[in-house]
Amino acid sequence: MKFLVCISNVPDTTTKITFTPDNKEFNKAGVQFVINPWDEYALTRAIELKEAQGSGTVTVLNVGEADTEPNIRKALAIGADDAIRVNAAPKDAYFVAQQIAAIAKEGAYDVILMGKESIDYNGFQVHGMVGELLGIPTVAPAMKLDMSGSTATLEREIEGGKEIVEVAAPFVASCQQPMCEPRIPNMRGIMTARTKPLKVVEPVGEGARTEVAEYALPPKKQGVKLIPAESAGDLIKLLRNEAKVI
């Protein structure tokens, strides 16, 4: 069984967000980047399934420039066998999906996994596009994934409950908790990751179909007004006239 796990390079959740002077790009200066937390569920589960089967491979794929390689090496340290980096900035969801689909098709991967979305853009788009480009089923968002031979059983979240789905490989799945407990690299993994293959390829297909017109920070929070309990009427007026929520 060949697993392809797609990982994104995203700002750490504690990062203070700023933009370039023209407000068209994220300012990377001084920012610590990490593997997208949702993708860590996909990576760990792929490794667990490979170990349970006693055979197979786990390849990590990243669409990004050279500065993403430290986190690709971290994924290798966690337990992936090899890695591929598409040498291009992830311009939009369709562009990224094209690259994943091309690699998946060329490598004849059985299972393509990724997080349900990246924590920077929260697009929830790529997995569906990849499945459509490859003409194979997509299950999203998956909370559990088990394999029996070439058949997978997945539990996915739906409105007001959950759904159990069976699907034959090849397929695409996006992952979220509580699929597994994400692994942390150990010292042996860190040492062996240095020598694991990391192949760099150039992008294929057409360019991005969308572009950012402008980024903007949310408005600053206003000061808090404390209203005495006996002045409920004043509170109602403020909620109606200033906050405009009633």
Side-chain angles (χ1 to χ4, degrees), residues 1-11 13 34-53 56 58-63 75 78-80 90 92-105 107-183 208-210 218 245:
M1 186 70 66
K2 295 178 66 177
F3 294 89
L4 181 66
V5 180
C6 310
I7 62 171
S8 299
N9 202 51
V10 299
T13 53
V34 298
I35 299 174
N36 179 44
W38 298 118
D39 298 336
E40 290 185 331
Y41 289 102
L43 175 59
T44 299
R45 190 59 185 143
I47 295 167
E48 290 175 345
L49 290 169
K50 186 197 82 166
E51 292 172 347
Q53 293 174 350
V58 176
T59 300
V60 290
L61 169 62
N62 170 255
V63 179
I78 290 171
D92 72 352
Y94 183 75
F95 176 79
V96 172
Q98 283 185 101
Q99 311 314 312
I100 296 171
I103 297 293
K105 185 176 182 180
Y109 290 93
D110 301 294
V111 180
I112 300 105
L113 301 178
M114 63 192 75
K116 69 172 186 176
E117 59 191 358
S118 61
I119 63 168
D120 48 3
Y121 290 100
N122 301 107
F124 200 76
Q125 300 177 70
V126 174
H127 50 266
M129 292 181 180
V130 172
E132 181 67 19
L133 289 168
L134 292 172
I136 60 176
T138 301
V139 181
M143 299 186 294
K144 290 184 180 180
L145 168 60
D146 293 301
M147 298 289 301
S148 177
S150 62
T151 301
T153 302
L154 301 99
E155 181 179 302
R156 75 183 193 97
E157 190 174 38
I158 59 172
E159 188 69 30
K162 60 183 179 181
E163 180 179 63
I164 308 299
V165 179
E166 281 193 355
V167 61
F171 65 90
V172 180
S174 68
C175 306
Q176 68 173 46
Q177 85 280 15
M179 180 167 282
C180 57
E181 184 66 30
R183 293 186 180 182
R209 292 190 173 186
T210 61
V245 294

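This structure is a prediction, so every number in the text was calculated from the model and none was measured.
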message: If you apply the rule side chain to side chain contact (heavy atoms under 4.5 Å, CB included), what do you find for Asp146 with Glu155, and how did you get there?
response: CA-CA 9 Å; Asp146 293 301; Glu155 181 179 302; over 6 Å; no
message: With rounding to the nearest 0.5 angstrom, report the CG to OG distance, Asn36 to Ser118.
response: 5.5 Å
task: Side-chain contact test, heavy atoms from C-beta onward, threshold under 4.5 Å: evaluate it for Glu181 versus Thr44 and give yes or no.
output: no
message: Using only atom types and a distance under 3.5 Å, with no angle test, would you say the side chain of Asp110 pairs donor to acceptor with the backbone of Lys2?
response: yes
- prompt: Got a second to check how far Gln99's CD is from Leu133's CG, nearest 0.5 Å?
  reply: 10.5 Å
- line: Distance col, row Met179:CE vs Glu40:CD, nearest 0.5 angstrom, shows 14.0 Å
task: Check the pair Ile136 / Ile112 against side chain to side chain contact (heavy atoms under 4.5 Å, CB included), numbers first and verdict last.
output: CA-CA 10 Å; Ile136 60 176; Ile112 300 105; 4.0 Å; yes
Closest non-hydrogen atom pair, Ile100 against Cys6: CG2-SG, 3.6 Å
message: For Phe95 and Arg209: C-alpha separation, side-chain torsions, deciding distance, then whether side chain to side chain contact (heavy atoms under 4.5 Å, CB included) applies.
response: CA-CA 7 Å; Phe95 176 79; Arg209 292 190 173 186; over 6 Å; no
query: Between Val10 and Pro37, what is the shortest heavy-atom contact and its length?
result: CG2-CD, 4.2 Å
task: Take Gln176 and Tyr41 through the test side chain to side chain contact (heavy atoms under 4.5 Å, CB included) and record every step on the way to the result.
output: CA-CA 6 Å; Gln176 68 173 46; Tyr41 289 102; 5.7 Å; no
field: Smallest separation among heavy atoms of Lys50 and Phe3, with atom names
entry: N-CE1, 4.2 Å
- prompt: Under a 4.5 Å cut-off applied to non-hydrogen side-chain atoms, are Thr153 and Ser148 in contact?
  reply: no
statement: The reported gap from CG in Leu61 to CG in Leu4 (rounded to nearest 0.5 angstrom) is 5.0 Å
- prompt: Considering all heavy atoms of both residues, which atom of Ala80 and which atom of Val60 are nearest to each other, and what is their separation?
  reply: CB-CG1, 3.7 Å
- prompt: Which atoms form the tightest heavy-atom contact between Ser174 and Gly115, and what is the distance?
  reply: CB-O, 3.7 Å
query: How many angstroms lie between atom CZ of Arg156 and atom OG1 of Thr138, to the nearest 0.5 angstrom?
result: 11.0 Å
query: To the nearest 0.5 Å, how far apart are CZ in Arg45 and SG in Cys175?
result: 9.5 Å
- prompt: Closest approach of Met1 and Ser150, non-hydrogen atoms and distance?
  reply: CE-CA, 3.9 Å
- prompt: Backbone N or O of Gly79 within a donor-acceptor pair of the Arg183 side chain at under 3.5 Å?
  reply: no
- prompt: Is the side chain of Asn122 donor-acceptor paired with the backbone N or O of Glu117 at a distance under 3.5 Å, no angle test?
  reply: no
